[in-house]
Colleague: 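Have a look at the structure that comes next, please.
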Amino acid sequence: MTTGSRRPRRPWYILAAVAASIVAIVFATVGDGVEVADAAGPRRLVVDLGHQLFWALLAGAFAVAAVRSRWGRISQTFAVAAGILYLLFLFAVFLWP
């Protein structure tokens with residue numbers, strides 16, 4: 001890392017990875033409180049696991065950034081995948097016919 005006005009980001013990435021991991025663990029053990037009574041098949045899978053996997057992917061993105069001390073292509077890929085998964089989750093909860 002270069003000297004100057006840039007601050008080390010690693011502690012923030014570690015904190016974000018830990019926080020996202022905690023949320024993923026809570027959703028895996030306690031649940032997220034989202035219920036869709038008529039969901040079946042793939043929709044049921046997305047509704048049941050979407051939130052948990054979203055937070056796990058975010059935790060992975062921040063963990064990779066913490067290890068590498070920067071936000072890079074791998075972290076970005078995890079974050080984009082999390083965003084796409086979350087959009088699918090929202091679709092499954094609110095709009096799935």
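Any value given below was found using the heavy atoms of this structure, including those in side chains, with hydrogens, waters and symmetry copies removed. Just so you know, these numbers come straight off a predicted model, no measurement behind them.
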Colleague: Name every donor-acceptor pair, under 3.5 Å, that has one atom in a side chain of residues 90-97 and the other anywhere in the protein, sequence neighbours excluded.
Modeller:
none

Colleague: Do V36 and F27 share a hydrophobic cluster, counting only Ile, Leu, Val, Met, Phe, Trp and Tyr and linking them when any side-chain heavy atoms are less than 4.5 Å apart?
Modeller: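 They do share one cluster, since a chain of ILVMFWY contacts under 4.5 Å joins V36 to F27.
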Colleague: Taking only residues two or more places apart in sequence or in another chain, which ones pass side-chain contact (heavy atoms from CB on, under 4.5 Å) with R68?
Modeller: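 Once residues adjacent in sequence are excluded, the partners of R68 under the side-chain contact (heavy atoms from CB on, under 4.5 Å) criterion are V64, R70, I74.
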Colleague: Can you tell me which residue pairs pass the side-chain hydrogen bond (donor to acceptor under 3.5 Å, both in side chains) test with a partner in residues 10-28, sequence neighbours excluded?
Modeller: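 Every side-chain hydrogen bond (donor to acceptor under 3.5 Å, both in side chains) pair that includes a residue of residues 10-28, provided the two are not neighbours, is R10-S69.
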Colleague: Table please: side-chain donor-acceptor pairs of residues 46-60 below 3.5 Å, with sequence neighbours left out.
Modeller:
residue : atom : partner : partner atom : Å
D48     : OD1  : R44     : NH1          : 3.1
H51     : ND1  : D32     : OD2          : 2.8

Colleague: Tell me which pairs pass side-chain hydrogen bond (donor to acceptor under 3.5 Å, both in side chains) where either residue lies in residues 71-82, with sequence neighbours left out.
Modeller: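 For residues 71-82: W71-Q76.
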Colleague: Please give the remaining members of the hydrophobic cluster of V80, linking ILVMFWY side chains under 4.5 Å, ordered by chain and number.
Modeller: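 So far as hydrophobic clustering goes, V80 is joined with I84.
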